[in-house]
4 protein chains.
Amino acid sequence: MPRITAEAKTQARRRLLEAGAEHFARDGLERASVDAIAVGAGYAKGTFYNYFDSKGALFGEVIAEGARRAVARYAEVEEHGSVRERLTALAAADVTVLREEEAFIKVVVREAMSFRAETYPVVVQHLAPYLSKVESVLSDGIAAGEIRSDRPSVQLALMFVGTLTLLYVQHWGSGGAWPSLDDVPDLAVGAFLDGAAVRKGDTA
Amino acid sequence: MPRITAEAKTQARRRLLEAGAEHFARDGLERASVDAIAVGAGYAKGTFYNYFDSKGALFGEVIAEGARRAVARYAEVEEHGSVRERLTALAAADVTVLREEEAFIKVVVREAMSFRAETYPVVVQHLAPYLSKVESVLSDGIAAGEIRSDRPSVQLALMFVGTLTLLYVQHWGSGGAWPSLDDVPDLAVGAFLDGAAVRKGDTA
Amino acid sequence: MPRITAEAKTQARRRLLEAGAEHFARDGLERASVDAIAVGAGYAKGTFYNYFDSKGALFGEVIAEGARRAVARYAEVEEHGSVRERLTALAAADVTVLREEEAFIKVVVREAMSFRAETYPVVVQHLAPYLSKVESVLSDGIAAGEIRSDRPSVQLALMFVGTLTLLYVQHWGSGGAWPSLDDVPDLAVGAFLDGAAVRKGDTA
Amino acid sequence: MPRITAEAKTQARRRLLEAGAEHFARDGLERASVDAIAVGAGYAKGTFYNYFDSKGALFGEVIAEGARRAVARYAEVEEHGSVRERLTALAAADVTVLREEEAFIKVVVREAMSFRAETYPVVVQHLAPYLSKVESVLSDGIAAGEIRSDRPSVQLALMFVGTLTLLYVQHWGSGGAWPSLDDVPDLAVGAFLDGAAVRKGDTA
DNA sequence: CATGAATGAGAATTCATTCAT
DNA sequence: AATGAATGAATTCTCATTCAT
C-alpha cells in the first residue's frame with residue numbers, strides 16, 4: 001500500500017486534509033468554507049487550490065482517507081478465535097480509530113447515513129474493504145455453524161456495520177450520554193448476535 | 001372577512017410543505033432553494049414568505065410534520081398480541097407511512113442521522129412519542145418475560161428504531177436493491193429480537 | 001380654502017395621512033412600509049391603494065398637509081406690534097403647531113433639510129406662503145427702520161425660518177435636552193435679531 | 001508577504017469611500033446601492049465586501065471620514081485675532097473643505113439634520129472636535145467681552161455651526177442660487193454676531 | 001369599498017474559484 | 001509554492017403594487 005505515502009506526500013496536503021475533516025465534521029460540506037479550512041491548515045485560501053481541485057474534491061478525499069484509516073486498523077486485528085471474539089475485536093479496533101480520528105470518521109458516518117447521490121457511491125466504494133473483512137468473519141462463522149445460514153453473509157455484514165454505526169450516531173447525538181464509546185463493542189456484538197428476545201433455555 | 005378561506009390558506013401552506021419535503025429530501029437543507037420550492041408548489045418566490053419566515057423555518061416544520069404523520073400512523077396500531085407481533089405491526093405501520101410520505105420521512109431520517117446541533121433536538125423532540133410507543137411495547141415484553149431484562153427499555157427502544165432506520169438507509173442507499181420495503185418489518189424485528197447467532201437448540 | 005375639506009373628504013384618507021406622517025417621521029420615506037401605515041390607520045394594505053397612488057404620492061401629500069397646517073396657524077397671528085413682537089408671535093404659533101402635529105412637522109423639516117431632488121421642490125412650494133408671511137413682517141420692519149436694509153427681505157426671511165428650524169433639529173437631536181420647545185421662540189428671535197456680539201452701548 | 005502593498009489596499013478602500021460618499025450624497029443611504037458604489041469605484045460588487053462589512057458600515061465610515069477631513073482643515077486655522085476674524089477664518093476653512101469634499105460633507109450635513117437614531121450619535125461624536133474648536137473661540141470672546149455672556153458657550157457654538165450648516169443647505173437647496181459659497185463665511189459670521197435688527201447708534 | 005394573497009423586481013450578502021505577482 | 005485581491009454567480013429575503021373576490 002504505497003498509496004498513503006504517495007497521496008500524503010506533501011505536508012501541505014496532509015494538513016489540508018486534517019483541517020478539512022475537522023471542518024466537514026463540524027459544519028458539513030456546504031457550510032464548511034474553503035477559506036476556513038485553508039486557514040485552519042495554516043495556509044492562505046489560494047494555496048488550497050494548489051493541492052485540491054475544489055471543495056468537493058477535498059471532501060471526497062477526506063472520506064477516502066477516513067475509510068482508509070479505518071481499514072488500516074482493521075488489518076491489525078487477530079484472525080482467529082470465535083466469531084464473537086473476532087467481531088468484538090473488529091468493533092474495538094473501529095472504536096480505537098474513532099477515538100483517534102474522530103473528525104474523519106464523523107464525516108464518513110454522516111455521509112454513509114445521508115444517502116446523497118453525489119457522495120454515497122464514494123463512501124460505499126471506500127468502505128468496501130471494511131465490509132469484506134466483516135463479511136469474511138461472518139462467512140467463517142456460518143461455515144462453523146456459529147452464525148445463521150439463512151441470510152447472505154453480505155447482508156449480515158451490512159447489518160453488523162450498520163449496528164456499529166448506529167451506536168456511534170446515538171453516542172454523538174446524545175452528547176456522549178449513551179452509549180459511551182467503551183460500551184460500543186460489546187453492545188454492538190451483543191445486539192447483533194444475540195438479539196433482545198429471551199429464548200427457551202436462556203436464563204433471563 | 002376573508003374572501004379566501006382559512007382552508008385555502010392552509011392549502012397553500014400544505015403545498016409549500018410538500019414541495020419543501022420533496023426538495024429537502026432530494027437536496028438537503030442547504031442545496032434546496034426557496035425559489036425552487038415555491039415554484040415546485042406552484043407559487044412565485046415571494047409567496048413563500050407569506051407562509052414561512054425563512055427557509056430554515058420551513059425545514060423545521062417539515063421535520064415536525066413528518067414526525068407528526070409517522071406518529072399518527074402509529075396510533076392506529078393494535079395494542080395486543082405478542083411482542084413480536086406488536087413490533088412487526090409497528091414496523092409495518094412505519095413502512096406504510098414511508099411509502100406514502102417518503103419525502104417527509106427521508107428528511108426526518110437524514111436529520112436524525114446527521115446529529116447536527118441545529119436540528120437534532122427538534123428531531124428528537126418530535127420523535128419522542130414514536131419512541132415511547134416502542135418502549136411501552138418492550139416494557140410489556142420485559143414484564144411478560146419475552147424480552148431480556150438486562151437493558152433499560154429506553155435503550156432497547158432506541159436500538160429497535162435505529163435498526164428500522166438503518167434498513168431504510170440501506171434501502172435508499174442501495175437504490176432499492178436490498179432490502180425492499182416489503183422485507184423491512186420482518187428483517188427489523190428478526191434482527192432486533194433474534195440476532196444472528198445460532199444457539200443451542202436452534203435449528204440452523 | 002375649501003381644499004382642506006375637499007382633500008380630507010373621507011375619514012379613511014385622513015387616517016391614512018395621519019398614520020403616514022407618524023411612520024414617515026419615525027422611519028423616513030424608504031423605511032416606512034405601506035403595510036405598516038395601512039395597519040396603523042386601521043385598514044388592510046390593499047385599502048391604501050384606494051386612496052393613494054403610491055407610497056411616494058402619500059409622502060408628497062403628507063408634506064403638503066404639514067405645510068398647510070402650519071400655514072393655517074400662522075393665519076391667526078396678530079398683524080400689529082413691533083417686528084420683534086410679531087416674529088415672536090409667529091414663532092410661538094409655529095411651536096404650537098409643532099406640538100400638535102409633531103409627526104407632520106418632522107417630516108416637513110427633515111425633507112426641507114435633506115435637499116433631495118425628488119422632494120425638495122415640493123417642500124419649497126408648500127412652504128412658500130409660510131415664508132411670505134415672515135417676509136412681509138420683515139419688509140414692514142425694514143420700512144420702519146427696525147431691520148437692516150442691506151439684505152433682501154427674502155433672504156432675511158429664509159434666515160429666520162432657517163434659525164427656527166435649526167432649533168427644532170437641535171431639540172429633536174438632543175432628545176429634548178436643549179433647547180426645550182418653550183425656549184424656542186425667544187431663542188430664535190433673539191439670535192435672529194440681536195446676534196451674539198456685544199456692541200458699544202450694550203450692557204453685557 | 002503581501003504582493004499587493006498595504007497602500008494598494010488602502011487605495012481600494014479610499015476609492016470605495018469616495019464612491020460611497022458620492023452615491024450617499026446623491027441618493028441617501030437607502031437608495032444608494034452597493035452594486036453602484038462598487039462599480040463607481042471601478043470594482044465588481046463582490047470586491048466591496050473585501051473592504052467593508054456592509055453598506056451600513058461604509059456609511060458610518062463615510063461620515064467619520066467626512067468629519068475627519070473637516071476637522072483636519074480646522075486645525076490649520078490661525079489662533080489669534082478678533083473673534084470675528086477667527087470665526088470668519090473657521091468658516092472659510094469649512095467652505096474650503098466643502099468645495100474639495102462636497103460629497104462627504106453633504107452626507108455629514110444630511111445626517112446631522114436628519115436626527116435619525118441610528119446615525120445621529122455617530123455624527124455628533126465625530127463633529128465633537130469641530131464644535132470644541134468653535135466653542136473655544138467663543139469662550140475667548142466672552143472673556144474678552146466681545147461675545148454676550150448670557151448664553152453658555154456650547155449653545156453659542158451650536159448656533160454658529162448650525163447657521164453655517166443652514167447656509168449650506170440653502171445653497172444646495174437653491175441649486176447654488178443663494179447663497180453662493182463665496183458669500184457663506186461673511187453671511188454666517190454676520191448673521192451670528194450681528195443679527196438683523198437695527199440698533200441705536202447703527203448706521204442703517 | 002375593503003381585503004389580503006400573489007407577485008416579481010430589486011437589493012444585500014456569501015463564497016468558491018481564478019490568477020497575477 | 002504561496003498569496004490574497006478580484007470576481008460574479010447564486011441565494012435569501014423585502015416590499016410596493018396588483019387584482020380577484
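In what follows, chains carry the letters A, B, and so on, assigned in the order in which the sequence lines appear, proteins first and then strands, with residues in each chain numbered from 1. Keep in mind it's a predicted model, so treat the numbers as computed, not measured.
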Novice: So which nucleotide from F:dT7, E:dG4, E:dT17 ends up closest to the side chain of A:Lys55?
Specialist: E:dT17
Novice: Of C:Gly46 and A:Gly46, whose nearest nucleotide on DNA chain F comes first from the 5' end?
Specialist: A:Gly46
Novice: In this structure, how many angstroms lie between the C1' atom of F:dC13 and the CD1 atom of B:Ile37, rounded?
Specialist: 14 Å
Novice: Distance check needed: F:dC15 P versus C:Phe52 CZ, whole Å only.
Specialist: 21 Å
Novice: Just call it for C:Ala32: base, sugar-phosphate, or nothing, with non-hydrogen atoms closer than 4.0 Å on any strand.
Specialist: sugar-phosphate
Novice: Strictly below 4.0 Å, N to O, side chains only: are D:Glu100 and D:Arg69 in salt-bridge contact?
Specialist: no
Novice: Whole angstroms only, please: what is the CG-C1' distance between B:Asp35 and E:dA6?
Specialist: 15 Å
Novice: Regarding C:Arg15 and C:Glu18, does a basic nitrogen lie under 4.0 Å from an acidic carboxylate oxygen?
Specialist: no
Novice: Check this one for me: any side-chain N or O of A:Tyr49 less than 4.0 Å away from OP1 or OP2 of E:dT17?
Specialist: yes
Novice: Side-chain contact test, heavy atoms from C-beta onward, threshold under 4.5 Å: evaluate it for C:Leu17 versus C:Tyr51 and give yes or no.
Specialist: no
Novice: Hey, is the side chain of B:Lys45 pairing donor to acceptor with the base of E:dG10 inside 3.5 Å?
Specialist: yes
Novice: Quick check for you: among E:dT3, F:dT17, E:dC1, whose closest atom lies nearest to any side-chain atom of C:Thr10?
Specialist: E:dC1
Novice: Any side-chain heavy-atom pair from B:Glu102 and B:Trp172 closer than 4.5 angstrom?
Specialist: yes
Novice: Rounding to an integer number of Å, can you tell me how far B:Leu16 CG sits from F:dC13 C1'?
Specialist: 15 Å
Novice: Nearest whole angstrom, please: distance from the P of E:dC1 to the CZ of C:Arg13.
Specialist: 12 Å
Novice: Using whole Å, report how far CZ of D:Arg31 lies from P of F:dA16.
Specialist: 11 Å
Novice: To the side chain of D:Ala12, which of F:dT7, F:dA6, E:dA12 is closest?
Specialist: F:dA6
Novice: To the nearest Å, give me how far apart CZ (C:Phe48) and P (E:dA2) are.
Specialist: 14 Å
Novice: Do the non-hydrogen side-chain atoms of B:Tyr49 and B:Val34 ever get within less than 4.5 Å of each other?
Specialist: yes
Novice: Contact between C:Phe24 and C:Arg110 at the side-chain level, heavy atoms closer than 4.5 Å - yes or no?
Specialist: no
Novice: How about A:Leu127 and A:Val108: do any of their side-chain heavy atoms sit closer than 4.5 Å?
Specialist: yes
Novice: Nearest to the side chain of B:Thr47, heavy atoms from C-beta on, is which of E:dG4, E:dA6, F:dC13?
Specialist: E:dA6
Novice: Under 3.5 Å for both distances, Watson-Crick or G-U wobble, that's the pair rule; now give the dot-bracket for DNA chain E, with | marking pairs to another strand and [ ] for crossing ones.
Specialist: .||||||||||||||||||||
Novice: Identify, residue by residue, the members of residues 21-30 of chain C with a heavy atom below 4.0 Å from DNA chain F, and return them in order of residue number, or none.
Specialist: none
Novice: Any chance you could measure A:Ile105, atom CD1, to A:Ile63, atom CD1, to the nearest 0.5 Å?
Specialist: 11.0 Å
Novice: Before giving the answer on side chain to side chain contact (heavy atoms under 4.5 Å, CB included), spell out for D:Tyr43 and D:Asn50 the whole-Å C-alpha distance, their side-chain angles and the decisive distance to 0.1 Å.
Specialist: CA-CA 11 Å; D:Tyr43 293 104; D:Asn50 291 341; over 6 Å; no
Novice: From E:dA6, F:dA5, E:dA12, pick the nucleotide closest to the side chain of D:Val34?
Specialist: E:dA12
Novice: At under 4.0 Å between heavy atoms, what does C:Tyr43 touch on the DNA or RNA strands: base, sugar-phosphate, or nothing?
Specialist: sugar-phosphate
Novice: Rounded to the Å, how far apart are A:Asp53 CG and E:dC19 P?
Specialist: 14 Å
Novice: For a quick check, tell me whether the side chain of A:Asn50 and the base of F:dA1 share a donor-acceptor pair closer than 3.5 Å.
Specialist: no
Novice: Roughly how far apart are B:Ile37 CD1 and B:Asp27 CG, rounded to 0.5 Å?
Specialist: 8.5 Å
Novice: Both D:Gly56 and C:Ala44 contact DNA chain E. Which one's nearest nucleotide lies toward the 5' end?
Specialist: C:Ala44
